[in-house]
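Sequence positions, counted from 1, serve as the residue numbers for this chain.
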Amino acid sequence: MGSDTIADIITSIRNADMYRKSVVRVASTSISQSIVKILLREGFIENVRKHRENNKSFLVLTLRHRRNRKIRNLLNLKRISRPGLRIYSNYQRIPRILGGMGIVILSTSRGIMTDREARLERIGGEILCYIW
């Protein structure tokens, strides 16, 4: 894993979904726990549990899979803001993904939240990723 934990989480979930794995293990940090909590609440993953091994904490995610899925992946994740180029937005200019069907995860002064929550609270922040 590199220094960009958010990109590592997104890549792990995307790869596991692409190869139809049902379980993914990601490093447990406060940011990863917040992102996974949003994914669980929005219905993109089924279950989360903590696992401890050799004094390191991991989050074990159970992915949601559709039967008879042949062509298209269920999850599409895209990292937007990265360590070399930060992308910020105020609440009025937060993009809508697929007309509101997807979500944008933002890091705000009040914590990590979805685009809908940020618009309701009228708060902007750093756009972390898109999920649809």
Side-chain angles (χ1 to χ4, degrees):
M1 291 198 191
S3 61
D4 188 8
T5 57
I6 299 170
D8 291 339
I9 294 166
I10 290 172
T11 303
S12 298
I13 294 173
R14 186 186 313 119
N15 289 342
D17 186 57
M18 189 170 27
Y19 290 107
R20 295 187 178 136
K21 301 286 184 190
S22 60
V23 177
V24 179
R25 192 172 87 164
V26 296
S28 178
T29 62
S30 60
I31 293 173
S32 65
Q33 288 176 1
S34 300
I35 291 173
V36 166
K37 193 181 298 182
I38 289 173
L39 291 175
L40 183 65
R41 187 176 63 224
E42 295 289 327
F44 289 104
I45 58 177
E46 281 186 19
N47 192 11
V48 178
R49 62 183 165 88
K50 275 193 167 184
H51 181 67
R52 191 162 177 84
E53 185 178 303
N54 297 334
N55 293 330
K56 292 184 180 178
S57 294
F58 296 99
L59 295 173
V60 179
L61 314 176
T62 306
L63 299 179
R64 184 177 303 266
H65 286 287
R66 287 187 195 153
R67 294 182 187 202
N68 300 328
R69 180 177 55 133
K70 296 191 173 155
I71 298 171
R72 190 167 145 93
N73 292 339
L74 177 63
L75 280 174
N76 289 308
L77 299 104
K78 185 176 181 185
R79 176 83 158 117
I80 301 302
S81 185
R82 51 191 171 87
L85 179 64
R86 304 286 185 187
I87 306 294
Y88 296 96
S89 176
N90 63 7
Y91 76 93
Q92 296 161 333
R93 296 190 184 266
I94 297 173
R96 294 185 193 274
I97 306 302
L98 293 178
M101 301 263 307
I103 62 170
V104 178
I105 296 181
L106 294 116
S107 176
T108 66
S109 59
R110 295 186 191 156
I112 295 179
M113 60 179 66
T114 64
D115 56 340
R116 283 179 234 123
E117 295 167 345
R119 282 190 199 96
L120 283 175
E121 294 189 23
R122 297 180 148 226
I123 188 169
E126 181 182 355
I127 299 175
L128 297 178
C129 60
Y130 298 158
I131 302 168
W132 70 96

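- Inter-residue side-chain proximity for Ile103 and Asp115 is flagged as met; some heavy-atom pair is nearer than 4.5 Å.
- Applying the salt bridge (charged side-chain N to carboxylate O under 4.0 Å, His left out) test to residues at least two apart or on different chains, the pairs with a partner in residues 52-63 are Arg25-Glu53.
- Within the structure, salt bridge (charged side-chain N to carboxylate O under 4.0 Å, His left out) contacts touching residues 97-107 (residues at least two apart or in different chains) do not occur.
- With values rounded to the nearest 0.5 angstrom, Lys78 atom NZ is found 6.5 Å from Trp132 atom CH2.
- Proximity of Phe58 to Val26: side-chain heavy atoms (C-beta onward) are nowhere separated by under 4.5 Å.
- Taking the side chain as every heavy atom from C-beta outward, Leu63 and Ile13 approach each other to under 4.5 Å.
- Judged as a side-chain contact (heavy atoms from CB on, under 4.5 Å), and not counting sequence neighbours, the contacts of Glu121 are Arg110, Met113, Ile123.
- Cluster membership for Tyr91 and Tyr88, using ILVMFWY side-chain heavy atoms within less than 4.5 angstrom, is not shared.
- Grouping the Ile, Leu, Val, Met, Phe, Trp and Tyr side chains by contacts below 4.5 angstrom, directly or via other members, places Met101 with Leu106.
- Side chain of Arg64 to main chain of Gly43: a donor-acceptor pair is present (N/O by atom type, distance under 3.5 Å, no hydrogens or angles).
- Put simply, CD1 on Ile131 and CD1 on Ile38 are 8.0 Å apart, with the number rounded to the nearest 0.5 Å.
- Considering only heavy atoms from C-beta on, Ser28 comes within 4.5 Å of Lys50 through its side chain.
- Under the 4.5 Å side-chain contact rule for hydrophobic residues, Val23 and Leu75 do not share a cluster.
- Residues Ile127 and Pro95 have side chains in contact (heavy-atom distance under 4.5 Å, counting atoms from C-beta outward).
- Contact record, Ala27 with Ser32: O-OG, 3.0 Å, taken as the closest heavy-atom pair.
- Across every non-hydrogen atom of Val24 and Ser12, the tightest pair is CG1-CB, 3.9 Å.
- Counting heavy atoms from C-beta outward, Arg116 and Glu42 have side chains that approach closer than 4.5 Å.
- Atoms CG and NZ, on Leu61 and Lys21 in that order, are 15.0 Å from each other to the nearest 0.5 Å.
- Atom CD1 of Ile35 is separated from atom OG1 of Thr114 by 12.5 Å, given to the nearest 0.5 angstrom.
- Looking at Ile112 and Leu128, their side chains come closer than 4.5 Å, going by heavy atoms from C-beta outward.
- Atom CD1 of Ile87 sits about 13.5 Å away from atom SG of Cys129, to the nearest 0.5 Å.
- The CD1 atom of Ile105 sits 12.0 Å away from the CD1 atom of Ile31 when rounded to the nearest 0.5 Å.
- Applying the side-chain contact (heavy atoms from CB on, under 4.5 Å) criterion to Arg49, with sequence neighbours excluded, gives Val60.
- Applying the salt bridge (charged side-chain N to carboxylate O under 4.0 Å, His left out) test to residues at least two apart or on different chains, the pairs with a partner in residues 80-101 are Arg86-Glu126.
- When the side-chain contact (heavy atoms from CB on, under 4.5 Å) test is applied to Leu40, the partners found at least two apart in sequence or on another chain are Ile45, Val48.
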